[in-house]
2 protein chains.
Amino acid sequence: MVQNMKDEKKRGRPRAFDAKAALGKARDVFWDRGFAAASLDNLSAATNLNRPSLYGAFGDKEDLYLDTLEGYRQDGMDVLTEALDPSLPLRDNIARVYAGALAIYLHGETAARGCLLIGTASVEAVQHERIREVLGRSLNDFDDEIEKRMRLAVDRGELPRGADPQMLARLASAVMHSLAVRARAGDSRETLEAIARSGVELICGSAP
Amino acid sequence: MVQNMKDEKKRGRPRAFDAKAALGKARDVFWDRGFAAASLDNLSAATNLNRPSLYGAFGDKEDLYLDTLEGYRQDGMDVLTEALDPSLPLRDNIARVYAGALAIYLHGETAARGCLLIGTASVEAVQHERIREVLGRSLNDFDDEIEKRMRLAVDRGELPRGADPQMLARLASAVMHSLAVRARAGDSRETLEAIARSGVELICGSAP
DNA sequence: AGAATTTAATGCGAAATGGTACAAAATATG
DNA sequence: CATATTTTGTACCATTTCGCATTAAATTCT
């Protein structure tokens with residue numbers, strides 16, 4: 001599974017496509033249609049790869065989907081940790097988290113696609129154990145990252161000593177989950193931004 | 001579309017099945033598999049109706065799905081309004097809302113199915129306008145119902161005069177949305193109940 | 001240059017899918 | 001009882017679906 005990190009010349013015919021770019025195109029298809037409704041023809045057309053190439057590079061449809069989820073999770077974590085820059089006040093951190101999320105969720109301007117994980121992996125989670133596992137792990141990783149910042153906030157006195165960092169983090173995530181669902185349900189950017197602002201207020205109410 | 005409300009004898013062969021019961025069985029199929037992955041064979045088997053009967057009674061797959069969503073929305077609103085009984089304190093109301101939601105989301109004991117709307121309609125919302133419309137309307141109706149109770153709480157002095165009922169309601173809903181997603185992601189009942197408790201605390205923090 | 005190896009492209013095929021035609025059955029109306 | 005009307009069940013059809021077999025192309029190794 002692990003490919004050559006650099007272009008140490010592999011034997012045989014070289015790939016005529018960029019696997020990472022193809023994965024990005026596939027992600028868009030899954031994001032719009034979901035896993036079940038995304039056909040290999042859709043994916044093949046979007047990536048400009050014929051099905052055998054797709055299959056050879058990524059495995060079957062579920063493998064490909066799991067790959068896109070994993071990449072999305074990574075990207076999301078990057079955005080999250082950047083938003084949580086501990087040199088900024090907690091309020092700003094949480095506001096940035098929501099702003100970053102909305103930038104992703106509302107991408108496209110036409111019909112908002114929300115969160116790839118929440119919007120498309122949730123459906124499959126009941127019947128596909130591997131997808132449920134990725135979804136659960138992703139949500140937990142997000143919670144944990146926010147929790148770290150909350151813990152720091154308590155230590156620093158940004159939050160009262162009695163505050164529960166784990167629960168505050170989970171509730172901060174909850175607002176984000178709601179933004180993801182509502183974006184996909186067609187709520188306006190204005191509505192979502194208002195909810196984000198109120199969320200910051202509620203979660204960080206006692207912070208300076 | 002409107003059927004006879006009572007059994008005023010209709011001409012022709014009478015139905016050999018209970019449409020409402022069939023709709024319930026179909027709902028279970030959609031709940032587990034989602035719209036796209038639910039095949040007419042699945043639905044036919046679960047309802048004990050052959051495809052032509054299904055089609056005759058409910059229209060095509062999307063019509064049937066929309067019918068189940070509408071029924072779910074109605075049932076959900078009933079549970080919600082009952083939970084929000086204004087003779088109880090606000091805290092109890094919100095706690096009951098979450099308890100009622102979890103009772104539905106965790107149904108099955110095996111793999112939790114979360115919320116039918118959030119869990120299965122969200123995926124289709126981007127491409128199917130009618131589904132997006134039902135999803136959006138349902139979320140709004142829930143928000144509005146909670147908002148009414150919040151407004152009452154402000155009037156009664158359960159919440160401070162400056163509290164924003166609309167935003168508090170949306171955030172109360174947000175916690176519920178998160179419970180729906182997390183249930184489907186495999187979180188334990190204990191975790192979900194803990195989040196619900198913290199949510200009540202956060203939302204109703206200033207209430208007696 | 002030739003063998004080995006990997007990818008690309010075409011196209012196939014078996015199964016599943018959504019939907020329907022058609023005839024038989026069950027009921028109300030005249 | 002005959003006719004109209006609606007539902008039921010079987011079978012079917014056209015299309016889509018996923019996945020792969022096979023052959024041609026491109027590159028490395030000997």
What bend angle does the helix from C:dA1-D:dT30 to C:dG30-D:dC1 show across its length, from five-pair end axes and to the nearest 10 degrees?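 The end-segment axes of the helix from C:dA1-D:dT30 to C:dG30-D:dC1 are tilted 0° relative to each other.
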Residue of the set A:V97, A:N93, A:I195, A:I94 for which side-chain contact (heavy atoms from CB on, under 4.5 Å) holds with A:V200: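 Among A:V97, A:N93, A:I195, A:I94, the one meeting side-chain contact (heavy atoms from CB on, under 4.5 Å) with A:V200 is A:I94.
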Just how far, in rounded Å, is [atom2] of [N] from [atom1] of [X]?
{"X": "A:L64", "N": "D:dT17", "atom1": "CG", "atom2": "P", "value": "16 Å"}
{"X": "A:N48", "N": "C:dA8", "atom1": "CG", "atom2": "C1'", "value": "13 Å"}
{"X": "B:N50", "N": "D:dT8", "atom1": "CG", "atom2": "C1'", "value": "6 Å"}
{"X": "A:F58", "N": "D:dC18", "atom1": "CZ", "atom2": "P", "value": "16 Å"}
{"X": "A:L49", "N": "C:dT7", "atom1": "CG", "atom2": "C1'", "value": "11 Å"}
{"X": "A:L54", "N": "C:dT10", "atom1": "CG", "atom2": "P", "value": "15 Å"}

Run the salt bridge (Lys or Arg N to Asp or Glu O under 4.0 Å) check on B:E147 and B:R151 step by step: do they pass? CA-CA 6 Å; B:E147 182 182 341; B:R151 207 177 300 278; 2.2 Å; yes
With heavy-atom distances below 4.5 Å as the criterion, would you say the side chains of A:R184 and A:I118 are in contact?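 No. Closest side-chain heavy atoms not under 4.5 Å.
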Between B:R130 and B:D63, is any pair of side-chain heavy atoms under 4.5 Å apart?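 When only atoms from C-beta onward are counted, B:D63 and B:R130 do touch, with a gap below 4.5 Å.
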Full working for side chain to side chain donor-acceptor pair (under 3.5 Å) between A:S44 and A:D41: CA-CA 5 Å; A:S44 177; A:D41 277 348; 5.6 Å; no
Assess whether atom [atom1] of [X] is packed by more than 12 heavy atoms of other residues, nucleotides or ligands within 6.0 Å.
{"X": "A:Q127", "atom1": "CD", "value": "yes"}
{"X": "B:E82", "atom1": "CD", "value": "no"}
{"X": "B:E129", "atom1": "CD", "value": "no"}

To the nearest 0.5 Å, tell me how far B:K148 NZ sits from B:Q166 CD.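 Here the interatomic distance stands at 14.5 Å.
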Which label fits A:F35 and A:Y65: parallel for a plane angle under 30°, tilted from 30 to 60°, or perpendicular past 60°?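 Tilted, since the angle between the ring planes falls between 30° and 60°.
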Please tabulate the protein-to-nucleotide N/O contacts below 3.5 Å involving nucleotides 4-6 of chain C, giving atom names and distances.
unit_1	atom_1	unit_2	atom_2	d
C:dT6	O2	A:R13	N	2.9

Between D:dT8 and B:S53, is there an OP1 or OP2 to side-chain N/O distance shorter than 4.0 Å?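 Checking D:dT8 against B:S53, a side-chain N or O does come within under 4.0 Å of OP1 or OP2.
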What string of B, S and - do you get for nucleotides 11-20 of chain C, 5' to 3', when a contact is any protein heavy atom under 4.0 Å? -B----SBBB
Would you tell me whether A:S138 and A:D141 have side-chain atoms, one donor and one acceptor, within less than 3.5 Å of each other?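 The answer is no; no qualifying pair exists.
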